[in-house]
Amino acid sequence: MPPHDLFSGAPAPFGADSAPASPLLHNLNPEQLAAVTLPAGHALILAGAGSGKTRVLTTRIAWLLQTGQASPGGILAVTFTNKAAKEMVARLSAMLPVNVRGMWIGTFHGLCNRLLRAHHKLAGLPSTFQILDTQDQLSAVKRLCKQHGVDEERFPPKQLVWFIAGCKEEGMRPQDVPVRDQDTQKKVEIYQLYEQQCQREGVVDFGELMLRSYELLRDNDPVRAHYQRRFSHILVDEFQDTNRLQYAWLKQLAGDTEDGRLATHGSVIAVGDDDQSIYAFRGARVGNMQDFVREFGVKQTIKLEENYRSFSNILDCANALIAHNQGRLGKNLRTQQGPGEPVRIYEAATDLNEAQWLVDEIKSLVKNGEIERREIAVLYRSNAQSRVIESQLFNAGVPYRVYGGLRFFERAEIKHALAYLRLLENPHDDTSFMRVVNFPPRGIGARTLEQLQDAAREAGCSLHDAVSTLSGRAGANLTAFVARIDVLREGTQGANLRSIIGQVLEASGLVEHYRNDKEGADRLENLDELINAAESFVTQEGFGRDAVALPLDEQRAAPPLTQSPASQGLDASLPMAEAGELIDQDTGETLSPLAAFLTHAALEAGDNQAQAGQDAVQLMTVHASKGLEFDCVFIGGLEEGLFPHENAMSDHQGLEEERRLMYVAITRARKRLYISHSQTRLLHGQTRYNVRSRFFDELPEGALKWLTPQRSGFGSFAPFPGAARGYFTPAGGGFGHKSEVFASPPVPERKGGAAHGLRPGMAVFHNKFGEGKVLAIEGAGDDARAQVNFPRHGTKWLALAVAKLTVVE
DNA sequence: CTTCCAGCGTTTTTT
DNA sequence: ACGCTGGAAG
């Protein structure tokens, strides 16, 4: 990241200007201005897509500081992603010459980490506690299952991880989980064992980070009182994505509950958009917005409805679509821009054709110089859809970039290196121990490790400590391994981060191992990159050098924080100026660069395959696109069962979330939007016949342009689109042989056509269920199944070899 | 310890 | 269809 330009903002004198005169407030619309200059108190800001939400948040902070209503130390701004937090910091720095390091701006987990580092003793954690990511957590659970003889068939570790994370998100410790059945009973037992294991090893998972710091605040009156008094202004981004625990955490910081009502200090500003709530599946609770209004007695709700991103045809689509959801807080996007181009709809015969059309369209857009490739995004509901599109882009030689996949700190070789580093910090981290004890291979087999684990359990100690209790030949290699780690720890005391990592990479044998591996070149490169990452981390975080100078006189701006006798002692021990550092509040010790770097690696897994600088088409899921914007957006696969996804279609809530997802997708586009679907799609190795998505019927006709003839109702298939325009000339690549599809009827039939003769949209009669409509057909021959909706019996999948269906004319 | 193969799962994802 | 995981064989 480039260094923050602290002085590019207007050089406004602090606290001197009256609010409206401040250059900060220029060019804000009335709603934005109202939100930025809200008087102290709690408020909800309903910020529509593209309404300048981040700008309002950052300007609000800047305004609070500039007018002397708050000092940097009094601000807490919390986001979900590191990206959002970084952007806030960057924009704020550009606005004001302010010491951003004095402010608590970060992700929920980042801030929790900071709290726990500062009060690790009160939180019951060792100062060296390590953070488990999802991979680590899974392997910890697997290890635990093996150790305790848990039947992994009945209780798949993945499911257990999900269960444990779910409990924590709801704020539940094992004893809080309601046990209805034996299965739950067992899971709770495993949850408890898992907790004990983590505690013994000094590690916390992401959920624990949140839950533990919530409990820290809840159970320690002076600590809670301190932070409540300190953070006079709390701002929450993407509030609709908060889960129950995060909301409870915020309540702890905001004030105490007195006879059922929240007695709060200061102000909490929650910014969110219920229409963009797309993370219910991971515990997000939109209901927190209503709860917030009720429990905080919110008087002020401000809606930001002016959209600065898209032309009105696009917004009309978004508004019309989302209007089909019930129970919204209510919001309509508007723009001062004109209608712009119509939203283009395309129907393809096959997923391959859809991809070919898309690539042709992209090529001509770029060729005409209308648009840069990086300003074109292709969005899809599920990752599986990217494959066809990628192959077509690749064939056509169009540069593209796919979001998603393994991130830097998640790669195996990086995790190996980090495991060694973590063992230097915390030798009792058994997850890390197991990861590298025999990697690179050093003759420590499964048998030996079983013995070691038994010994450790017997002695109630870590694997590291159990090694010395193990005697005989089996222990020799282990002893050497532990000795190597311990020597390394001694030898790197006081060394700088770069040299520590360098030594570890060599001494661990990782470098040599990958050097001997003929496919290890990439991995070596990544290990090199790890050293670079550490180097730039040290520079950025200001370890070993002075942090940015403080143009803002904190003493002058600091509000009276030490007035309460109850918390005076604590206040004295929590120096304001050091808010940005990770400081042990018991010893005053700051986190070592290595410890800080390991924390950083765990909390921020790095970019998703950034090939920065390359002018490439952007491919991603709709989820991944949230918060981004592009001149031109393609949304593919708008088919029943895919978007809305079949797993979400059955219930009302699921369907509404799918609709919000589509809303998010539409509102990514600035100028040009394409929505497409295909009659057939290859999924899991089978051709599926799909009906076009119901979402098409929820868009306003006037804003659309159908690039292919719109079929009237179901069942009648248009002549194959685009063939006359020469779209499907094989490009000479590996896919040319598929061109025969073009000559065949729009619905490609496998092996001489479907014997059953059914097509989606057809009306059929069933002896038991009566008349119904065919929604989809899957498979062929004896495996062929049809999804049929019967008005009286609902939607059913019927095996055509068994079910007697007759076509109704 | 490495290599191979069978079996499994396949909506969305951040920390 | 396909890629990853884990267990068994070499």
Side-chain angles (χ1 to χ4, degrees), chain A residues 78-85 106-113 131-139 142 146 152-153 156-159 162 165 168-169 204-211 213 237-238 241-243 245-246 277-284 351 379-388 391 403-407 409-410 412 438-448 477 513 517 599-608 620-627 637 641-650 654 657-658 660-662 664-665 681-688:
Chain A
V78 60
T79 64
F80 275 87
T81 63
N82 292 299
K83 204 177 150 201
T107 63
F108 276 102
H109 295 86
L111 299 181
C112 286
N113 175 58
I131 299 166
L132 299 186
D133 69 12
T134 325
Q135 281 179 43
D136 302 328
Q137 198 185 358
L138 185 63
S139 60
K142 280 182 181 166
K146 292 226 172 68
E152 296 190 27
E153 298 276 282
K158 273 218 179 97
Q159 207 181 300
W162 183 82
K168 291 187 181 181
E169 275 162 14
V204 297
D205 60 42
F206 289 128
E208 188 70 26
L209 226 37
M210 220 43 247
L211 182 52
S213 69
D237 191 20
E238 306 279 19
D241 288 339
T242 51
N243 62 36
L245 177 58
Q246 286 158 340
S277 159
I278 55 173
Y279 285 114
F281 71 90
R282 66 176 199 213
D351 49 350
L379 310 184
Y380 35 80
R381 176 64 180 80
S382 65
N383 287 305
Q385 287 168 256
S386 77
R387 183 173 280 275
V388 222
S391 68
Y403 281 66
L406 272 196
R407 287 160 334 158
F409 285 115
E410 291 166 353
N438 197 34
F439 192 93
R442 46 176 74 87
I444 300 173
R447 196 64 254 269
T448 312
N477 288 339
H513 178 263
D517 183 352
T599 292
H600 165 81
L603 290 178
E604 195 169 349
D607 274 345
N608 265 349
M620 67 192 84
T621 63
V622 178
H623 282 94
S625 76
K626 193 177 167 207
L642 193 61
F643 201 174
H645 197 274
E646 55 191 345
N647 298 358
M649 274 163 65
S650 48
E657 180 143 322
E658 293 292 302
R660 290 193 292 269
L661 203 47
M662 185 61 188
V664 167
R681 187 172 294 279
L682 209 56
L683 194 64
H684 308 323
Q686 283 200 314
T687 302
R688 294 187 38 152

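Naming convention: chains lettered A, B, ... in sequence-line order (proteins, then strands); numbering from 1 in each chain.
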Enquirer: Just how far is it from atom NZ of K158(A) to atom OG1 of T134(A), taken to the nearest 0.5 Å?
Expert: 11.5 Å
Enquirer: Specify the separation, in whole Å, of atom CG of L683(A) and atom C1' of dC2(C).
Expert: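 Taking CG of L683(A) and C1' of dC2(C), I get 12 Å after rounding.
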Enquirer: Nearest to the T621(A) side chain among dT2(B), dT15(B), dT13(B), which nucleotide is it?
Expert: dT13(B)
Enquirer: Whether N243(A) contacts dT14(B) is assessed here as follows: a side-chain N or O lying under 4.0 Å from the phosphate OP1 or OP2. Is that the case?
Expert: no
Enquirer: Nearest-Å distance, CG (D205(A)) to P (dT13(B))?
Expert: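 That distance rounds to 21 Å.
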Enquirer: Judged by each residue's nearest nucleotide on DNA chain B, which is more toward the 5′ side, H109(A) or I278(A)?
Expert: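 Closer to the 5' end of DNA chain B: I278(A).
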Enquirer: Give F281(A) one of three labels, base, sugar-phosphate or nothing, depending on what nucleic acid heavy atoms sit under 4.0 Å from its own.
Expert: base
Enquirer: Using a distance-only test with no angle check, is there a side-chain donor-acceptor pair under 3.5 angstrom linking D205(A) and Q137(A)?
Expert: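 Looking only at side-chain atoms, Q137(A) and D205(A) do form a donor-acceptor pair, the distance falling under 3.5 Å.
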Enquirer: OP1, OP2 of dT12(B) versus side-chain N and O of N647(A): anything below 4.0 Å?
Expert: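 Answer no for this pair, as no side-chain N or O of N647(A) is under 4.0 Å from OP1 or OP2.
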Enquirer: What's the NZ-C1' distance between K146(A) and dT5(C), to the nearest Å?
Expert: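 Nearest whole value for this atom pair: 11 Å.
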Enquirer: According to the interplanar angle, ranging from 0 to 90°, do the rings of Y279(A) and H623(A) count as parallel (below 30°), tilted (30 to 60°) or perpendicular (above 60°)?
Expert: tilted
Enquirer: So that I can tick it off, tell me whether E658(A) and R381(A) are bridged by a salt bridge, with the cut-off set at under 4.0 angstrom between side-chain N and carboxylate O.
Expert: yes
Enquirer: Is any side-chain heavy atom of N113(A) closer than 4.5 Å to a side-chain heavy atom of T599(A)?
Expert: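 Yes, at least one pair of side-chain atoms sits under 4.5 Å.
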Enquirer: So, does the side chain of T134(A) form a donor-acceptor pair with the base of dT15(B) at under 3.5 Å?
Expert: yes
Enquirer: Could you tell me whether the phosphate oxygens of dT14(B), OP1 or OP2, come under 4.0 Å of any side-chain nitrogen or oxygen in K626(A)?
Expert: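 No, outside the criterion.
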Enquirer: What nucleotide among dT13(B), dT2(B), dT15(B) has an atom nearest to a side-chain atom of R282(A)?
Expert: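 Nearest to the side-chain atoms of R282(A), counting from C-beta on, is dT13(B).
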Enquirer: To check you understand the geometry: which heavy-atom pair defines the closest contact between Q385(A) and G637(A), and what is its length?
Expert: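 The answer is NE2-CA, 3.7 Å.
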Enquirer: Select base, sugar-phosphate, or nothing to describe what F108(A) touches, counting heavy atoms under 4.0 Å on all strands.
Expert: nothing
Enquirer: Between S382(A) and dT10(B), does any side-chain N or O lie under 4.0 Å from OP1 or OP2?
Expert: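 No, S382(A) has no side-chain N/O under 4.0 Å of OP1/OP2 on dT10(B).
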Enquirer: If you look at every heavy atom in E657(A) and S277(A), which pair is closest and at what distance?
Expert: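 Closest pair (atom of E657(A), atom of S277(A), distance): OE1-O, 3.7 Å.
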Enquirer: Base, sugar-phosphate, or nothing for N383(A), non-hydrogen atoms under 4.0 angstrom?
Expert: sugar-phosphate
Enquirer: Dot-bracket for DNA chain C, please, read 5' to 3', with Watson-Crick or G-U wobble pairs under 3.5 Å on both distances, ( ) within the strand, [ ] crossing, | other strand, . unpaired.
Expert: ||||||||||
Enquirer: Between N82(A) and dT14(B), is there a contact of a side-chain N or O with OP1 or OP2 at under 4.0 Å?
Expert: no
Enquirer: Roughly how many Å is it from NZ in K142(A) to P in dC4(C), rounded to a whole number?
Expert: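 After rounding, the reported distance stands at 14 Å.
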Enquirer: Specify the separation, in whole Å, of atom CG of D517(A) and atom C1' of dC1(B).
Expert: 14 Å
Enquirer: Of the options dC2(C), dT11(B), dT15(B), whose atoms approach the side-chain atoms of T107(A) most closely?
Expert: dT15(B)
Enquirer: Of H645(A) and L603(A), whose closest DNA chain B nucleotide lies nearer the 5' terminus?
Expert: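 It is H645(A) whose nearest nucleotide is closer to the 5' end.
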Enquirer: Nearest whole angstrom, please: distance from the C1' of dT5(C) to the CD of E152(A).
Expert: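 Whole-Å distance recorded here is 12 Å.
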Enquirer: Could you please name the option among dT15(B), dT13(B), dT12(B) that lies closest to any side-chain atom of A624(A)?
Expert: dT13(B)
Enquirer: Tell me the interatomic distance from Q686(A), atom CD, to dA1(C), atom C1', rounded to whole angstroms.
Expert: 10 Å
Enquirer: Quick check against the 3.5 Å criterion: does N243(A) have a side-chain atom that pairs as donor or acceptor with the backbone of G283(A)?
Expert: no
Enquirer: Could you work out which one of dC2(C), dG6(C), dT12(B) sits closest to the side chain of H623(A)?
Expert: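 Ranking dC2(C), dG6(C), dT12(B) by closest atom to the H623(A) side chain puts dT12(B) first.
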Enquirer: Salt bridge or not for D241(A) and K626(A), using N-O below 4.0 Å?
Expert: yes
Enquirer: Starting at atom CE of M210(A), determine the distance to atom C1' of dT15(B), rounded to an integer number of angstrom.
Expert: 10 Å
Enquirer: Taking the side chain of R407(A) as its heavy atoms from C-beta onward, which of dT10(B), dT2(B), dT15(B) lies nearest to it?
Expert: dT15(B)
Enquirer: Measuring to OP1 and OP2 of dC1(B), would you say a side-chain N or O of R442(A) lies under 4.0 angstrom away?
Expert: no
